[in-house]
Engineer: 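Dropping the structure in here first, questions after.
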Amino acid sequence: MPEGDTVWQAARRLHDALAGKVLTRSDFRVPRYATVDLTGRTVLDVTPRGKHLLTRVEGGLTVHSHLRMDGSWKVFAPGQRWSGGPAHQIRVVLATADRTAVGYRLPVLDVLRTDDEQRAVGHLGPDLLGPDWDPARALDNLRADPARALGEALLDQRNLAGIGNVYKSELCFLLGVTPWLPVGELPADRAALLPTFAKKLLEANRDRPVRRTTGLRGQDLFVYGRAPRPCLRCGTSIRVADQGDGSRERPTYWCPTCQSGPAPRPGGVTGARTRR
């Protein structure tokens with residue numbers, strides 16, 4: 001599942017493959033940009049911003065993409081068979097003399113002036129893996145709506161950029177509260193730890209092929225994807241429910257013993273509180 005660490009890895013692969021090289025092929029397979037041709041331009045850099053990717057090319061243009069749930073960028077050597085999915089799922093091809101980058105199932109793909117990048121990413125909060133990271137500002141953003149459920153606030157990229165469903169669930173477990181706890185009810189000592197935990201988790205995983213949060217051999221994650229298996233700490237069955245308004249898939253995992261705060265009742269209604 002693409003989150004800030006995954007996007008950071010994708011940006012590094014693309015940067016290593018394309019940066020400083022001249023594009024020999026530019027093929028946009030979306031109607032809006034079907035006539036755009038970047039052939040002959042040098043790729044300057046590929047930069048991640050939260051869950052967004054910014055591929056900057058000579059002449060003041062940027063290819064902006066977002067992976068969301070299913071998108072991916074694959075890099076291939078000359079003669080190597082493309083293996084990211086069927087051809088009809090390809091949205092863009094950018095190639096140099098020795099590498100070809102292919103964007104599959106990209107739900108967001110734009111070509112814009114580099115000077116206008118803020119139109120695409122200006123709404124984002126501090127980037128957990130970026131040079132603009134500001135833990136105090138991120139925490140202030142989260143606290144701006146004290147009645148909002150913590151899990152929903154963490155997923156709001158306007159508060160801080162880079163967290164998705166996995167880190168949302170894992171962070172709430174590490175803080176010992178359910179994702180449905182109102183932000184304003186998060187104890188001050190745990191709130192102070194939140195930005196530090198979030199940054200440490202993403203930084204630790206940006207260079208790993210497999211995402212890990214536990215430090216335990218053979219057990220990569222504390223709660224995400226583990227329902228109804230036993231909690232690694234207390235043995236209680238991990239639970240899962242959807243969070244949010246239902247417009248997007250937001251699977252949310254928690255331990256009803258280790259995490260205090262409101263949690264969904266059977267049927268999805270949030271009500272009864274669990275206690276540590």
Engineer: Assign the ring pair F76 / Y104 to parallel, tilted or perpendicular, where the plane angle (0 to 90°) is split at 30° and 60°.
Structural biologist: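 Rings of F76 and Y104: perpendicular, over 60°.
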
Engineer: In terms of hydrophobic clusters joined by side-chain contacts under 4.5 Å, are L221 and L216 together?
Structural biologist: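 Shared cluster, yes.
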
Engineer: So does R105 pair up with D70, basic N to acidic O under 4.0 Å?
Structural biologist: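 Salt bridge: no.
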
Engineer: What distance separates L124 CG from L160 CG, expressed to the nearest 0.5 Å?
Structural biologist: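 If we round to the nearest 0.5 Å, L124:CG and L160:CG are 10.5 Å apart.
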
Engineer: Would you call D5 and Y167 a side-chain contact if the rule is heavy atoms closer than 4.5 Å?
Structural biologist: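 Yes, at least one pair of side-chain atoms sits under 4.5 Å.
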
Engineer: What I want to check is whether the side chains of E170 and T213 have a donor and an acceptor closer together than 3.5 Å.
Structural biologist: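 There is such a pair (donor and acceptor under 3.5 Å, judged by atom type) between the side chains of E170 and T213.
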
Engineer: Check whether any side-chain heavy atom of L53 sits under 4.5 Å from a side-chain heavy atom of W8, and report yes or no.
Structural biologist: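 Heavy-atom side-chain distance check fails, nothing below 4.5 Å.
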
Engineer: Measuring from L142:CG to L150:CG, what's the distance to the nearest 0.5 Å?
Structural biologist: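 Interatomic distance, L142 CG to L150 CG, rounded to 0.5 Å: 7.0 Å.
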
Engineer: Between F222 and R233, is there a cation-pi geometry (under 6.0 Å to ring centre, at most 45° from the normal)?
Structural biologist: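 Pair R233/F222 counts as cation-pi.
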
Engineer: Restricting to non-hydrogen atoms, name the atom on D45 and the atom on A19 that form the minimum distance, rounded to 0.1 Å.
Structural biologist: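 It is CA-CB, 4.3 Å.
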
Engineer: In plain terms, say whether E117 and R56 are close enough for a salt bridge, that is, a side-chain N and a carboxylate O under 4.0 Å apart.
Structural biologist: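 Salt bridge: yes.
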
Engineer: More than 12 foreign heavy atoms under 6.0 Å from CZ of R158: is that the case here?
Structural biologist: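 No, not enclosed.
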
Engineer: Tell me, with the steps shown, if R239 and T252 meet side chain to side chain donor-acceptor pair (under 3.5 Å).
Structural biologist: CA-CA 8 Å; R239 296 183 185 176; T252 303; over 6 Å; no

Engineer: Any sub-3.5 Å donor-acceptor pair from R137's side-chain atoms to N141's backbone N or O?
Structural biologist: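 Between the backbone of N141 and the side chain of R137 there is no qualifying donor-acceptor contact (under 3.5 Å).
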
Engineer: Does any N or O in the side chain of D134 come within less than 3.5 Å of the main-chain N or O of P126, such that one atom is a donor and the other an acceptor?
Structural biologist: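 A pair under 3.5 Å: no.
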
Engineer: Evaluate L175 against F197 for side-chain contact (heavy atoms from CB on, under 4.5 Å), listing each step before the verdict.
Structural biologist: CA-CA 9 Å; L175 293 169; F197 281 177; 3.9 Å; yes

Engineer: Would you call W254 and S169 a side-chain contact if the rule is heavy atoms closer than 4.5 Å?
Structural biologist: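 Of all side-chain heavy-atom pairs linking S169 with W254, none is under 4.5 Å.
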
Engineer: Using a 3.5 Å distance criterion without hydrogens, assess whether the side chain of N159 forms a donor-acceptor pair with backbone atoms of L154.
Structural biologist: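 No; judged by distance alone, with no hydrogens or angles, the pair does not exist.
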
Engineer: Does V93 belong to the same Ile/Leu/Val/Met/Phe/Trp/Tyr cluster as L54, with side-chain heavy atoms less than 4.5 Å apart forming each link?
Structural biologist: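 In one cluster with V93: L54, no.
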
Engineer: Please evaluate residues C231 and V223 with respect to the criterion side-chain contact (heavy atoms from CB on, under 4.5 Å), reporting the C-alpha separation (whole Å), side-chain torsions for both, the decisive distance (0.1 Å), and the verdict.
Structural biologist: CA-CA 7 Å; C231 174; V223 290; 5.7 Å; no

Engineer: With a 4.5 Å cut-off on side-chain heavy atoms, are P146 and P182 touching?
Structural biologist: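 Counting from C-beta outward, P182 and P146 never come under 4.5 Å.
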
Engineer: Determine whether L193 and V177 fall in the same hydrophobic cluster, where Ile, Leu, Val, Met, Phe, Trp and Tyr are linked whenever their side-chain heavy atoms lie under 4.5 Å apart.
Structural biologist: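 Yes, same cluster.
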
Engineer: Any donor-acceptor pair under 3.5 Å linking the side chain of D242 with the backbone of R250?
Structural biologist: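 Checking the backbone N and O of R250 against the side chain of D242, a donor-acceptor pair under 3.5 Å is found.
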
Engineer: What distance separates L181 CG from R190 CZ, expressed to the nearest 0.5 Å?
Structural biologist: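 One gets 8.5 Å once the value is rounded to the nearest 0.5 Å.
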
Engineer: Output the distance between atom CD (Q9) and atom CG (N205), rounded to the nearest 0.5 Å.
Structural biologist: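 Between Q9 CD and N205 CG, I get 8.0 Å after rounding to 0.5 Å.
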
Engineer: Is there a continuous path of hydrophobic side-chain contacts, each under 4.5 Å between heavy atoms, that joins L44 to V92?
Structural biologist: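 No, because L44 and V92 fall into different hydrophobic clusters, even though each may have its own neighbours under 4.5 Å.
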
Engineer: So, do D98 and K21 sit near enough that their side-chain heavy atoms are less than 4.5 Å apart?
Structural biologist: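 They are in side-chain contact.
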
Engineer: Cut-off 3.5 Å, side chains only: do R41 and S26 have a donor facing an acceptor?
Structural biologist: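 No pair is found: no donor N or O on one side chain lies under 3.5 Å from an acceptor on the other.
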
Engineer: Measure the spacing between NZ of K200 and CG of L171 and express it to the nearest 0.5 Å.
Structural biologist: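 Going from NZ on K200 over to CG on L171, the span is 12.5 Å.
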
Engineer: K51 side chain to Q157 main-chain N or O, any donor-acceptor pair under 3.5 Å?
Structural biologist: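 No, because the side chain of K51 does not come within donor-acceptor range (under 3.5 Å) of the backbone of Q157.
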
Engineer: Please report the C-alpha distance between L128 and L201 in whole Å, then the side-chain angles of each, then the deciding distance to 0.1 Å, and finally whether the side-chain contact (heavy atoms from CB on, under 4.5 Å) criterion is met.
Structural biologist: CA-CA 10 Å; L128 282 155; L201 287 180; over 6 Å; no

Engineer: Would you sort out whether T96 and T24 count as a side chain to side chain donor-acceptor pair (under 3.5 Å), showing the intermediate values?
Structural biologist: CA-CA 5 Å; T96 67; T24 59; 5.9 Å; no

Engineer: Mind checking the NE2-CG spacing from H66 to D110? Nearest 0.5 Å is all I need.
Structural biologist: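 Taking NE2 in H66 and CG in D110, the distance rounds to 11.5 Å.
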
Engineer: Are W82 and L14 co-members of a hydrophobic cluster defined by side-chain heavy atoms under 4.5 Å apart?
Structural biologist: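 No, L14 and W82 fall in different hydrophobic clusters.
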
Engineer: With W73 as reference, evaluate L67, V46, V102 under the side-chain contact (heavy atoms from CB on, under 4.5 Å) test and give the passing residue.
Structural biologist: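 Of L67, V46, V102, side-chain contact (heavy atoms from CB on, under 4.5 Å) with W73 is met by L67 alone.
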
Engineer: Quick one: do R119 and D116 make a salt bridge, cutoff under 4.0 Å?
Structural biologist: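 Answer for the salt bridge query: yes.
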
Engineer: Any carboxylate oxygen within less than 4.0 angstrom of a Lys/Arg side-chain nitrogen, looking at R99 and D16?
Structural biologist: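 No, no charged N to carboxylate O under 4.0 Å.
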
Engineer: Should K168 and E152 count as side-chain neighbours, where that means a heavy-atom distance under 4.5 Å?
Structural biologist: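 K168 does not reach E152 side chain to side chain.
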
Engineer: Has the side chain of T257 got a donor or acceptor atom that lies under 3.5 Å from a matching backbone atom of T236?
Structural biologist: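 No.
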
Engineer: Compare all side-chain heavy atoms of I238 with those of R229 and state whether any distance is below 4.5 angstrom.
Structural biologist: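 In short, these two side chains do not touch, never coming nearer than 4.5 Å.
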
Engineer: Which word best sums up how the rings of H123 and H52 line up, parallel for under 30°, tilted for 30 to 60°, or perpendicular for over 60°?
Structural biologist: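 Because their plane-to-plane angle is over 60°, the rings of H123 and H52 count as perpendicular.
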
Engineer: Restricting to non-hydrogen atoms, name the atom on C172 and the atom on P179 that form the minimum distance, rounded to 0.1 Å.
Structural biologist: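 Taking every non-hydrogen atom into account, SG-CA, 3.7 Å.
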
Engineer: Quick check: do L109 and H64 have side-chain heavy atoms less than 4.5 Å from each other?
Structural biologist: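 No. Closest side-chain heavy atoms not under 4.5 Å.
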
Engineer: Counting only heavy atoms not in R212 (residues, nucleotides, ligands), do more than 12 fall under 6.0 Å from its CZ?
Structural biologist: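 No, the 6.0 Å shell around CZ holds no more than 12 heavy atoms from other groups.
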
Engineer: For V121 and Q118: C-alpha separation, side-chain torsions, deciding distance, then whether side-chain contact (heavy atoms from CB on, under 4.5 Å) applies.
Structural biologist: CA-CA 5 Å; V121 297; Q118 288 298 97; 4.1 Å; yes

